[in-house]
2 protein chains.
Amino acid sequence: MEKAAAKAPERRRGEALVRAIHEAALAELAEVGLGQLSMEGIARRASTAKTVLYRRWATPHELLVDAVAQAHPVEVPTPAADDLRADLIAALTVLTDWMRTPAANAVLAIMFERHRYPDLAEALYRDVFDPRGGTFTTTVLRHYAANGGLDPRRLTPITTQIGEAMVFKLSMDLGRFPTADELAAIVDEAILPALGFPPA
Amino acid sequence: MEKAAAKAPERRRGEALVRAIHEAALAELAEVGLGQLSMEGIARRASTAKTVLYRRWATPHELLVDAVAQAHPVEVPTPAADDLRADLIAALTVLTDWMRTPAANAVLAIMFERHRYPDLAEALYRDVFDPRGGTFTTTVLRHYAANGGLDPRRLTPITTQIGEAMVFKLSMDLGRFPTADELAAIVDEAILPALGFPPA
DNA sequence: GAGATAAGCTACGTCACCGTATCCAATTGA
DNA sequence: TCAATTGGATACGGTGACGTAGCTTATCTC
């Protein structure tokens with residue numbers, strides 16, 4: 001034992017261990033995809049034994065939902081200034097920041113394959129979405145509609161989704177996340193016109 | 001042999017066989033997902049032997065790209081009447097019709113997992129997208145811009161993608177394809193305002 | 001018809017993951 | 001300090017996909 005001092009045992013327990021496993025699960029998902037997620041893979045990545053995983057979760061999917069639910073919640077965009085345009089850009093920036101996180105990757109993967117794993121999507125709604133409120137641009141829009149800066153009739157299931165929809169679409173098409181300029185263009189050319197502010 | 005007359009041998013060859021395999025590949029993908037696509041699975045579904053597949057394709061991915069490329073091309077929306085709104089709705093209808101096809105399912109899966117299988121996405125661009133032109137709403141918008149029904153400056157990388165982006169987003173959120181009413185709402189509340197026609 | 005071509009079938013050893021069992025060792029807390 | 005807890009390591013038989021080989025047999029072509 002006194003020989004290999006480099007290898008500190010430092011055995012993890014309880015919450016610290018669970019957190020490490022959650023991280024490993026999200027990282028594993030990002031790398032191999034939802035269809036290839038396996039207990040073996042997660043255990044390997046977390047440097048622990050399968051046994052430890054099976055003592056807490058019955059399936060990789062169960063583990064995954066747990067990991068997403070425990071992940072840090074999304075930063076809520078707080079409409080500060082009396083500047084709808086700036087607040088919308090800020091909200092989309094929060095969105096792209098979130099999309100870079102492992103948890104977001106998992107959420108999107110689950111939503112995309114929801115017809116293949118309906119239980120997973122259902123658990124996601126139950127354990128993650130429902131406990132939290134709306135997100136991103138919707139928060140901003142509701143604020144301005146309530147404070148008179150915006151015609152409330154312009155808030156529809158369509159208009160409130162334009163920002164998110166465009167960010168997702170651009171990300172897919174370009175294979176990268178939108179830049180600040182592109183986010184501004186989304187606000188100027190798509191969202192604001194739909195809210196009743198015609199393009200320049 | 002004369003006993004089991006029910007089992008017609010009817011051995012498939014050449015193109016007919018290849019077409020059946022292509023269909024099986026797309027069906028298999030739809031059911032198990034890109035990460036689980038396997039030669040065994042495709043062969044099983046096509047009721048043929050693995051050997052037959054390996055004689056033509058080295059990997060399931062190669063087979064898949066071939067299948068997508070050979071699939072019936074997308075119907076091109078032809079702007080007919082002098083009615084931008086109707087033509088846009090028609091274009092989105094073509095889009096949702098396409099999204100119900102197995103080939104579309106494959107294209108979306110490949111695009112979604114492009115960072116995981118970059119070669120696949122690249123092959124898709126090379127063998128499928130590039131040979132064909134733009135699609136869906138872009139076709140319509142270019143037509144009207146060229147014929148004076150629309151300010152060409154309104155055609156940007158953002159505005160031309162709103163329709164497709166919203167259809168994808170709605171499909172993900174709802175877990176189903178948008179209805180005709182929802183397509184009309186996308187046109188009225190998102191696309192037309194962005195083109196310079198303010199909402200009612 | 002007869003030979004060439006290609007589809008279909010079976011089998012093989014290899015490998016990865018499955019879910020479980022067993023045992024050892026580190027940490028904790030009474 | 002000692003006992004309970006729990007993480008960690010290893011091994012197991014089972015399954016399913018891998019890629020290849022060999023053979024039989026249906027179909028096409030001359």
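Throughout, protein chains are lettered first and strands after them, A, B, ... in sequence-line order, and every chain is numbered starting at 1. All heavy atoms count here, side chains included; hydrogens, waters and symmetry mates do not. Just so it is clear, the model here is predicted, and its values are computed rather than measured.
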To the nearest angstrom, how far is [X] atom [atom1] from [N] atom [atom2]?
X	N	atom1	atom2	result
A:R44	C:dC15	CZ	C1'	12 Å
B:E40	D:dT20	CD	C1'	12 Å
B:R12	D:dT27	CZ	P	12 Å
A:L53	C:dC18	CG	P	10 Å
B:E28	D:dA17	CD	P	9 Å
A:R19	D:dG7	CZ	P	14 Å

**Fill in**
Ranking B:K50 and B:L17 by the position along DNA chain C of their nearest nucleotide, the one closer to 5' is B:L17
**Prompt:** Between B:D87 and B:Y144, does any side-chain donor sit less than 3.5 Å from a side-chain acceptor?
**Reply:** yes
**Message:** Looking only at side-chain N and O atoms, does B:T159 offer a donor or acceptor that is under 3.5 Å from a partner on A:E189?
**Reply:** no
**Message:** I'd like to know if B:M172 and A:I186 are part of one continuous hydrophobic network [Ile/Leu/Val/Met/Phe/Trp/Tyr, side-chain heavy atoms within less than 4.5 Å].
**Reply:** yes
**Message:** Is there a path of hydrophobic side-chain contacts, each under 4.5 Å between heavy atoms, that joins A:V68 and A:V32?
**Reply:** no
Quick check for you: among [options], whose closest atom lies nearest to any side-chain atom of [X]?
X	options	value
B:T51	C:dC18, C:dC9, D:dG7	C:dC9
B:V52	C:dG19, D:dC18, C:dA7	C:dA7
A:R11	C:dC18, D:dT6, D:dT20	D:dT6

**Asked** Under 4.0 angstrom, heavy atoms only, what part of the nucleic acid is B:G41 near: base, sugar-phosphate, or nothing?
**Response** nothing
**Request:** Among A:V140, A:T160, A:L92, find the one that has a side chain to side chain contact (heavy atoms under 4.5 Å, CB included) with A:I191.
**Result:** A:L92
**Request:** Residues of residues 54-67 of chain A with any non-hydrogen atom less than 4.0 angstrom from an atom of DNA chain D: list those, numerically ordered, please.
**Result:** A:R55, A:R56
**Prompt:** Under a 4.0 Å heavy-atom cut-off, which of residues 29-37 of chain B touch DNA chain D?
**Reply:** none
**Fill in**
NZ (A:K169) and NZ (B:K169) are apart, to the nearest 0.5 Å, by 14.5 Å
**Item:** Value rounded to 0.5 Å, distance of CD1 in B:I89 from OG1 in B:T137
**Value:** 13.0 Å
**Asked** What pair of heavy atoms forms the shortest contact from A:E62 to A:W57, and how long is it?
**Response** OE1-CA, 3.8 Å
**Message:** Using OP1 and OP2 only, check whether a side-chain N or O of A:T48 sits under 4.0 Å from D:dG7.
**Reply:** no
**Request:** Find out whether A:V52 and A:I21 are in side-chain contact, i.e. whether some heavy atom of one side chain is under 4.5 Å from a heavy atom of the other.
**Result:** yes
